[in-house]
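What follows is a single structure, written as structure tokens, with notes after it.
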Amino acid sequence: MSTVSPKGLSPAGRAPIRVAMLGCGTVGSEVARLLTEQAGELAARAGAPVELAGIAVRRPDKHPELPAELLTDDAAALVARDDVDVVVELVGGIDPVRSWLLTALNAGKSVVTANKALLAEHSAELFEAADASGADLYFEAAVAGAIPLLRPLRESLAGDRITRVMGIVNGTTNYILSAMDATGAGYAETLDEASRLGYAEADPTADVDGYDAASKAAILASLAFHSRVTAKDVHREGIADVTASDLAAARTLGRTVKLLAICERVTADDGTESVSARVHPVMIPRSHQLAGVGGAFNAVYVEADAAGELMFYGQGAGGAPTASAVLGDLVAVARNQVHGGRGPRESAHAALPVRPMGQTPTRYHVSLDVADRAGVLAQVAQAFAAHGVSIAAVRQRDANDTASLVVVTHLAPDAALQSTVDEIAKLDVVHEVVSVMRVEGEDA
Ligand code: HSE
């Protein structure tokens, strides 16, 4: 017999799933709106009505748009209430959120969270609490907003062997780099404009210095490679040092610059595997799918042995898009409660070690202004050879007694490439190191 009423709305006879929402900003207000406006549809899909039991906010008096009887400033007390089945956390940050979520999970209350910083540091502890009590822990909204990405990694690709997850997971930096590419302007000027237009936060540090993307990379690497990877394991470089010259050098070669999160399974010559997780600016060919992702959009490229190449694209931030991911998780939790199932647990059985950045194979693009005379190219080439770095392509353009020299390497350990660039910068024949950028997205 169907649990759905003839109208296809609220399933008869089911006790409601009661939700405590912590935080009610841009995303939370959209979650509250959709829970109300789509109550009938959501109940039909979940198998029981899903309703708000309370909303914890710092200043209840600042939320006249919400029913006063739902509001509280005491998140800990709301989480502990007997009539709460699920906690939706949209506050962000680590403390005190961590203790609220542990309280919920320890009491068997499932958690839906968008908190990438917390998950990137403490997911092991949260999963252990969830496992001990039989609660669910869902966090689709923590990475790439509306884009269904974590569920495919946790569930759809659970039977495959993922080798790489690479993508644009921060809209603020993508907006800035897209604008620098389009206008030729420098970083500081473009950041100011992005702030003025509301595309960058008043304090853009977490975005432009790569912390936001590094947390997301840790979550992606953990799921893709069934290993515990934390934000501290992720090599992180932001976009503050990307110059107009970098973008110009890229343009000359038919490339552009993106801030990418790159999570790879690296197999050493002896067959041992490790995980590399890094966030840094990258030069990619304009023909690459990620190069066409402009403005504040996100896109993530996944490679797996059997599935081949997959691409996930969409809005990575914003109230309604992120609320879509939260509600999807909420329906999953409700279905599990109604039908007696469990969501996926932590999968960290592979326990692959994290490879230090210096040992991670990368490719470099190096653009130099050099003296235009006999033996200069040989000196530059010798510096690469001395560090065991193989050159893939060299291009020279002359202007008076100076030459512009571009060298693109084959794959080499990142530390060897760094040492090569340090040595080249000291050569008398090198007038200026114009641009140094890692390269992705083309054959090595
Ligand atoms: N601040 C992030 C971005 C959105 O700029 O993409 C939330 O993860």
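We number each residue from 1, following the sequence as shown. Start at 1 and go down the list; that is how both ligands and their atoms are numbered. Here the structure is a predicted model, which is why all the values come from computation and not from measurement.
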Within-cut-off N or O pair, G171 and ligand 1, under 3.5 Å: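 Right, the criterion is met.
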
Distance-only N or O hit between ligand 1 and N298, under 3.5 Å: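 The answer is no, given that N298 and ligand 1 share no N or O pair closer than 3.5 Å.
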
Close side-chain approach of T256 to I284, heavy-atom, < 4.5 Å: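 In contact.
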
Heavy-atom check, side chain of S435 versus side chain of D246, under 4.5 Å: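 Heavy-atom side-chain distance check passes, below 4.5 Å.
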
Residue portion contacting ligand 1 (non-hydrogen atoms closer than 4.0 Å) for K116: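 Only the side chain of K116 comes within reach of ligand 1.
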
Part of D207 with heavy atoms under 4.0 Å of ligand 1, whether side chain, backbone, both or neither: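 Side chain only.
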
Stepwise salt bridge (charged side-chain N to carboxylate O under 4.0 Å, His left out) test for D414 and R278: CA-CA 12 Å; D414 199 79; R278 49 201 169 100; over 6 Å; no

Residue-ligand contact K216/ligand 1, heavy atom below 4.0 Å: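 K216 counts as a contact of ligand 1 under the 4.0 Å cut-off.
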
No-hydrogen, no-angle side-chain donor-acceptor test under 3.5 Å, D181 and S178: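 No, no side-chain donor-acceptor contact under 3.5 Å.
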
Distance filter under 4.0 Å to T172 heavy atoms, resulting ligand 1 atoms: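 Answer for ligand 1: 3 (C), 5 (O), 6 (O).
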
A317: numbered ligand 1 atoms lying under 4.0 Å from its heavy atoms: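 Here the atoms of ligand 1 in question are 4 (C).
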
Exercise: identify the closest heavy-atom pair between A32 and M21: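 Nearest heavy atoms, A32 then M21: CB-CE, 4.1 Å.
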
Over 12 non-hydrogen atoms of neighbours within 6.0 angstrom of CD in E201: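 Count not over threshold, so no.
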
